[in-house]
Amino acid sequence: MADELDVLLEKVADPGLRAELRAAVDKVRAKRNFGLVFESHLPERVRLPEYPVRRGTKVLRRADKSNGPMKVEGVRRGQATVVTDDGTSDTLPVDDLVVVAEFGEPVYPGLTGVGSIQRGGDKPAHVVINAENHHALEMLQFTHAGKVDCIYIDPPYNTGAKDWKYDNNYVDGEDAYRHSKWLAFMERRLVLAKQLLNPDNSVLIVTIDEKEYLRLGLLLQQTFPSSTQQMVSSVINPKGATRSNAFGRTDEYLFFVMNGSASPGPLELGPEWKVARDTRSENLRWAELLRAGTNARRDDRPNLFYPVFLRNTEHGPVFDSIGNVHIGPDWNELVPPSECVAVWPTRSDGSEGNWQVGPGALAKLIDGGYAKIGTWRGGNTAISYLKRGEQEKVEQGLFPVVGKRPDGSIVVDGSGYIPVFVPGTQWRIGAHEAGGPGGTGLLRSMLPERRFPFPKSLYATADAIRFFVADKPDAVILDFFAGSGTTTHAVMGLNRQDGGRRQAIVVTNNEVSADEAKSLTERGFHDGDPEWEALGIFEHITRPRITAAVTGLTPDGAPINGDYKFTDEFPMAEGFEENVEFMKLTYLDPVDVELDRAFAAVAPMLWLRAGGQGSTVAERTDAGGDLLQFAVADRYGVLFDPDRWRDFVAALPAEARTVFVVTDSAAVFAGVAESLPADLAVVRLYENYLTTFAINQGRVS
Ligand SMILES: C[S@@+](CC[C@H](N)C(=O)[O-])C[C@H]1O[C@@H](n2cnc3c(N)ncnc32)[C@H](O)[C@@H]1O
């Protein structure tokens with residue numbers, strides 16, 4: 001095919017056209033040929049409703065989504081002179097315009113606190129950010145590159161029902177490009193997310209349904225080629241969502257992308273986590289002392305061929321003594337002590353085998369009550385024992401010892417034992433039901449008057465995460481499609497169970513639903529208007545839901561009804577002893593940034609990078625308006641004037657682990673970094689904040 005094209009190209013007489021065609025063909029050839037091939041060039045513009053319309057900015061008409069961006073030539077008395085791509089100029093009221101940034105144009109992020117809850121003492125605060133997640137992910141490159149332990153996302157499923165927006169427009173079933181738009185949208189975000197994950201040990205969990213799971217699986221494999229990937233099918237709607245001419249849809253899928261050494265850890269799980277019930281795993285497991293499988297012949301391990309002498313008493317058989325390792329063929333002739341029988345490691349067909357342990361180890365097992373005699377069969381009586389892992393279960397008190405048998409073996413009470421294991425890839429857990437008391441029902445009891453489509457069950461999210469962070473009490477968990485904030489809630493639940501200090505960082509936009517957008521538009525409102533923004537997900541759902549979870553109160557101040565059903569149960573009205581910071585990603589005006597007035601807007605990013613704990617250095621100036629030479633907070637410090645590093649070090653609190661040094665000079669930075677205590681993470685900030693924080697520059701995709 002390639003040759004044929006080349007031959008045809010040679011036939012094009014016009015050299016200019018031939019060159020152009022060749023260039024176009026080369027471009028097509030350079031594209032990916034294998035794997036998932038999709039159109040990724042579609043731009044995503046970002047509306048910046050709070051950004052001032054001024055000369056040089058690009059704008060759209062607020063009310064009309066179909067128009068292309070126009071460049072602002074000048075602004076006078078509330079009127080902007082704009083020029084379209086085809087050169088037509090027009091004068092429009094500034095109020096009718098909204099600034100946009102095209103993909104690839106730098107924008108400058110800032111973070112503004114919009115509220116906080118303090119109930120967790122010195123724990124790191126959970127952070128809930130109202131933002132376009134692509135920009136939030138870029139901002140997080142500064143604060144969390146390589147530091148995130150777990151990302152859990154529940155992205156739009158692209159059902160065709162206007163459940164998400166690409167480039168500010170809802171994507172519906174009629175859109176011929178809806179799959180490639182979805183893939184382009186997801187790929188841009190996953191590439192950024194990958195940079196945030198700890199490469200040595202972290203997990204990315206993505207939920208999805210049958211509409212996009214095949215494409216998502218391939219995209220994940222391409223984006224994380226060296227990670228281990230597994231897909232779990234999880235029943236979230238046991239009754240089945242009706243599908244015409246199709247099977248009812250009962251499940252959805254979770255992709256687990258495990259990086260570095262990450263793997264699901266065994267957890268205490270109830271019997272519903274087994275596809276088939278396995279009662280053996282619910283009790284102590286006594287293993288046969290006679291070895292089976294590999295190395296099970298006498299010749300393989302001659303030192304494990306010895307007799308065990310048993311006596312049968314009126315109470316049952318007992319251990320008498322242990323014989324010596326027997327060398328030679330005549331073992332049958334050995335005479336046991338009086339009243340005893342010798343039990344040899346032989347199989348039912350008479351062939352010679354060996355025991356699992358040597359005579360010394362067996363003696364210890366018998367002393368400890370960890371060896372047991374089976375039903376009396378004379379010299380063929382079976383002997384069993386507890387392997388190390390099972391002995392530990394006894395020693396840890398998981399199986400309390402309640403007595404001893406005549407042979408000295410322990411009798412345990414297994415009624416309170418919950419097995420610890422890694423489950424299979426099919427989950428059918430009642431509490432994971434999306435429409436049940438952990439999902440829609442939970443949200444209804446916390447926010448009685450408000451509706452949010454398809455929240456995840458709290459327990460489904462908590463369980464998915466728990467396999468990877470149960471043993472990481474300081475884990476950082478990110479969700480950049482936070483929706484109603486289930487992930488933050490789940491992390492708080494996990495912390496409560498084990499006293500952990502895990503931190504959830506979640507991002508969601510303040511989108512209204514397609515129906516609401518229509519009705520608001522009909523009433524003359526635009527995005528950016530307070531009436532519109534108040535109904536957005538962040539304002540209307542995420543923030544009040546997380547507030548309700550922490551305080552235990554509904555937005556009306558009433559205690560929330562009901563109990564949580566994590567591994568422990570407790571009233572929802574108790575809330576959680578946690579801290580939360582609500583923030584909004586803002587876009588700085590480059591004019592301000594150049595004037596060095598941006599510090600207040602980047603200050604929360606420094607706090608976040610230093611672990612999101614304790615106080616913040618909020619200002620560049622002191623109360624009198626003079627520029628500070630340095631400033632310190634509970635956990636970090638900012639050195640504005642590197643010459644003052646000695647005073648700065650003296651002022652740093654003992655708990656500080658991060659310092660920011662503001663300088664454009666690499667040499668100055670290196671000098672200061674060397675002089676600072678070695679256990680501090682030293683981060684350089686450029687004097688012009690633009691350089692450190694510019695994002696959206698098309699580094700990806
Ligand atoms: C399926 S929902 C997540 C639901 C969530 N797991 C829960 O339990 O509530 C996806 C959310 O991602 C948000 N979202 C979609 N596109 C986004 C974007 N580009 N930036 C930020 N948030 C976005 C939507 O507002 C929506 O609420």
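Computed from a prediction, not measured in an experiment: that's the story for all the values here. Remember, it's 1-based here, ligands and their atoms both numbered in the order they're listed. All residue numbers in this chain count up from 1 along the given sequence.
Heavy atoms of Ala131 come nearer than 4.0 angstrom to ligand 1 in at least one pair. The shortest separation from a heavy atom of Ala482 to ligand 1 is under 4.0 Å, placing the residue in contact. Not a single heavy atom of Val507 sits closer than 4.0 Å to an atom of ligand 1.
Only the side chain of Phe185 comes within contact range of ligand 1, with a heavy atom under 4.0 Å; no backbone atom does. Heavy atoms of Tyr157 found under 4.0 angstrom from ligand 1: none, in either backbone or side chain.
Protein heavy atom at the shortest distance from atom 8 (O) of ligand 1 is Thr486 OG1, 2.5 Å. Protein heavy atom nearest atom 9 (O) of ligand 1, with residue, atom name and distance: Ser484 OG, 2.5 Å. Looking at atom 12 (O) of ligand 1, its nearest protein heavy atom turns out to be Phe481 CD2, 3.4 Å. For atom 13 (C) of ligand 1, the closest non-hydrogen atom of the protein is Thr508 OG1, 3.7 Å. The nearest heavy-atom contact from the protein to atom 24 (C) of ligand 1 is Asn509 OD1, 3.8 Å. The nearest protein atom to atom 20 (N) of ligand 1, hydrogens excluded, is given as Asn133 N, 2.9 Å; this is a heavy-atom distance.
The salt bridge (charged side-chain N to carboxylate O under 4.0 Å, His left out) check on Lys123 picks up Glu578, with sequence neighbours excluded. Residues that satisfy the ring pair (Phe, Tyr, Trp, His ring centres under 6.0 Å) test with Phe480, not counting sequence neighbours, are absent from this structure.
If you check the side chains of Arg545 and His489, you find a donor sitting under 3.5 Å from an acceptor. Between Asn510 and Glu539, the side chains place no donor N or O within less than 3.5 Å of an acceptor N or O (distance only, hydrogens not considered). For the 3.5 Å distance criterion, the side chains of Tyr253 and Glu210 fail to qualify, holding no donor opposite an acceptor. There is no side-chain donor-acceptor pair under 3.5 Å between Thr250 and Asn237.
Using a 30° and 60° split on the angle between ring planes, Phe185 and Phe481 fall in the tilted class, from 30° to 60°.
When the heavy-atom distances from atom 10 (C) of ligand 1 to Thr542, Asp154, Leu137, Asp479 are ranked, the shortest goes to Asp154.
For ligand 1, the polar-atom distance check against Lys456 finds a nitrogen or oxygen pair separated by under 3.5 Å.
When each of Phe468, Phe467, Phe224, Tyr152 is paired with Phe256, the ring-ring contact (aromatic ring centres under 6.0 Å, His included) condition holds for Phe468 and for no other. For the side chain to side chain contact (heavy atoms under 4.5 Å, CB included) test with Phe582, the passing option among Ile129, Val127, Thr112, Ile546 is Ile546; the others fail.
Counting atoms of ligand 1 from 1 in the listed order, those under 4.0 Å from a heavy atom of Glu132 are 18 (C), 19 (N), 20 (N).
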